[in-house]
Amino acid sequence: MVSYLQRMWACRYFWISLVQIDLRARYRRSLLGVGWSLIRPLMFTLILCLVFQKLFRRGDVWTYAPYVLSGLTLWDFLTTATKQGCQCFFQGESYIRQHPSPLAIFPLRTALTEAFHFSVALVVLMGFSLALHGPGVMMAWWSLVPAFVLLVLVAWSLATLAGMMNVFFQDTQHLCDVVFQILFYATPIIYYTGDLGTGRMGWVLTHCNPVVPFLDIVREPLLHGRVAAPAVFAVAALITLLLTTAAALACARLQRRIIFHL
C-alpha cells in the first residue's frame with residue numbers, strides 16, 4: 001500500500017494536469033464559468049422554498065434555504081463524482097494503455113474535479129451563514145476541514161467502485177441513476193428529520209442512511225455554529241474507512257486485469 005501511494009504521489013503532476021484539463025474543458029468559452037456549478041442548487045433551493053412555504057406553511061425561509069442548499073451541494077458532489085466515476089477508466093483508456101500508472105489516479109481525477117466545485121459551493125454557504133448568524137459561527141468552521149477530507153475520500157471511493165463495476169457491467173451508470181433517485185427522497189435533504197416523526201420509518205431513514213452523518217458534519221458548523229457530535233464524526237469516519245478499504249482492495253485486485261476489459 002505504501003509503495004502504491006508513493007507511485008501515485010510520483011504521478012502527482014500528471015493527475016493534477018488532468019484535473020486542470022477537465023476544468024478548462026468544462027468552462028471553455030463560458031460566460032459564467034464556474035458559476036454554472038452553483039446555478040442548479042441555487043435555483044432548486046429557490047423553487048423548493050417557494051413551493052414548501054406554500055405547501056407546508058413554512059415561515060422560516062431564511063433558515064430553510066441554507067438547509068436545503070447545503071444538502072443539495074453535498075448531494076450533487078457525491079452523486080456527480082459517482083456518475084462521472086463510471087466513465088473514469090474509459091476516459092483514461094489511452095493513458096492506461098500507454099503507461100502502467102496506478103489506476104487509482106483516474107477516479108482521483110474525477111473526485112478532485114468535483115471537490116473543486118464543492119469547495120466553491122462551501123464558500124457560498126459560508127457567506128450565507130455569516131450573513132444570517134454573524135461572525136460567531138466562524139468558531140466552528142475548523143471542523144469543515146476534516147469533513148472535507150472525509151468527503152473527498154468518499155467521493156474517490158465511490159468513483160473507484162463505480163468505475164470498476166462499469167468496466168465489467170456497463171449498465172452501472174443507469175443503475176446509479178435509479179438508486180440515487182430513490183436515495184434522494186430517503187435522505188433529509190429537502191425536509192427536516194423531525195418531519196418524519198418518531199415512527200419506525202423515521203428512525204430507519206435517519207439512523208440507517210449512510211449519507212446522514214456527512215450531512216450533519218457539514219450542516220452543524222454552517223447552520224448552527226457548532227461542531228458535530230463526536231459520535232457523528234466517528235460514524236462518518238467509519239463509513240469512509242469501509243468505502244476506502246473496498247476501493248483499495250478493488251484497485252489491488254483488478255489493477256492488472258482491467259486493461260483487458262476496456
Side-chain angles (χ1 to χ4, degrees), residues 8 15-27 34 36-41 44 69-93 102-125 144-167 169-184 186-187 189 209-215 217-218 236-237 239-251 254 258:
M8 288 181 62
W15 47 261
I16 289 174
S17 66
L18 291 179
V19 173
Q20 293 173 342
I21 289 171
D22 287 344
L23 292 174
R24 288 180 186 140
R26 184 176 298 189
Y27 300 115
V34 73
W36 284 110
S37 64
L38 295 173
I39 287 180
R40 180 188 176 277
F44 199 12
L69 183 59
S70 59
L72 288 175
T73 52
L74 187 145
W75 179 259
D76 283 349
F77 173 41
L78 295 179
T79 56
T80 305
T82 306
K83 293 176 184 179
Q84 296 292 334
C86 289
Q87 299 297 326
C88 66
F89 296 116
F90 290 108
Q91 189 179 11
E93 180 180 356
L103 285 183
I105 66 176
F106 298 102
L108 180 63
R109 165 192 187 178
T110 301
L112 291 179
T113 301
E114 299 308 322
F116 171 78
H117 297 110
F118 180 62
S119 62
V120 173
L122 273 183
V123 172
V124 174
L125 284 167
L144 291 173
V145 176
F148 186 81
V149 173
L150 291 178
L151 286 167
V152 172
L153 287 173
V154 169
W156 172 80
S157 303
L158 292 174
T160 301
L161 294 172
M164 294 286 185
M165 289 178 60
N166 197 53
V167 169
F169 179 65
Q170 294 189 22
D171 288 334
T172 300
Q173 188 163 2
H174 304 293
L175 183 62
C176 286
D177 290 333
V178 176
V179 172
F180 284 140
Q181 189 67 38
I182 297 172
L183 190 59
F184 177 82
T187 304
I189 296 173
N209 191 326
V211 183
V212 171
F214 297 98
L215 287 170
I217 63 177
V218 171
I239 295 171
T240 304
L241 178 62
L242 293 175
L243 286 174
T244 305
T245 302
L249 290 174
C251 281
L254 302 174
I258 200 170

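Note that the structure is a prediction, hence the values are computed from the model and not measured. Residue numbers count from 1 along this sequence. Worth knowing before you read on, the calculation uses all heavy atoms, side chains too, and leaves out hydrogens, waters and symmetry mates.
Scanning for side-chain contact (heavy atoms from CB on, under 4.5 Å) contacts around A111 gives A155, W156, with sequence neighbours left out. Legend: residues meeting ring-ring contact (aromatic ring centres under 6.0 Å, His included) with F148, ordered by chain and number and at least two apart, are absent. L241 meets the side-chain contact (heavy atoms from CB on, under 4.5 Å) test with T245; sequence neighbours excluded. Residues passing the side-chain hydrogen bond (donor to acceptor under 3.5 Å, both in side chains) test with Q173 are Q87, sequence neighbours excluded. Under the side-chain contact (heavy atoms from CB on, under 4.5 Å) criterion, T73 pairs with P41, L69, F118, A121, L125, sequence neighbours left out. Considering only residues two or more places apart in sequence or on other chains, Q84 meets the side-chain hydrogen bond (donor to acceptor under 3.5 Å, both in side chains) condition with none of them. Qualifying side-chain hydrogen bond (donor to acceptor under 3.5 Å, both in side chains) partners for T240, counting only residues two or more places apart in sequence or in other chains: none. Partners of T82 according to the side-chain contact (heavy atoms from CB on, under 4.5 Å) rule, which considers only residues two or more places apart in sequence or in another chain, are L158, A162, C176, F180.
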- [ ] Kindly determine whether L183 and N209 satisfy side chain to side chain contact (heavy atoms under 4.5 Å, CB included), including the steps that lead there.
- [x] CA-CA 9 Å; L183 190 59; N209 191 326; 4.0 Å; yes
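Taking every heavy atom of both residues into account, I105 and W15 meet most closely at CG2-CD1, 3.6 Å. Here the shortest heavy-atom pairing between A81 and T110 reads O-CG2, 3.6 Å. Closest approach of A115 to V152, counting heavy atoms only: CB-CG2, 4.0 Å.
Here CZ of F89 is found 4.5 Å from CD1 of I258. Values are rounded to the nearest 0.5 Å. Atom CG of residue L78 and atom NZ of residue K83 lie 11.5 Å apart, to the nearest 0.5 angstrom.
Listed by first and then second residue, the salt bridge (charged side-chain N to carboxylate O under 4.0 Å, His left out) pairs involving residues 108-119 are D22-R109, R26-E114 (not counting sequence neighbours). Residue pairs meeting the salt bridge (charged side-chain N to carboxylate O under 4.0 Å, His left out) criterion with at least one member in residues 147-163: none, sequence neighbours excluded.
Heavy atoms of other residues, nucleotides or ligands lying less than 6.0 angstrom from CE of M8 number more than 12.
Considering only heavy atoms from C-beta on, L254 stays 4.5 Å or farther from V167 through its side chain. Side-chain contact between V211 and W75 is present, with heavy atoms from C-beta onward closer than 4.5 Å. The shortest distance between side-chain heavy atoms of C251 and M164 falls below 4.5 Å. Considering only heavy atoms from C-beta on, V178 stays 4.5 Å or farther from Q181 through its side chain.
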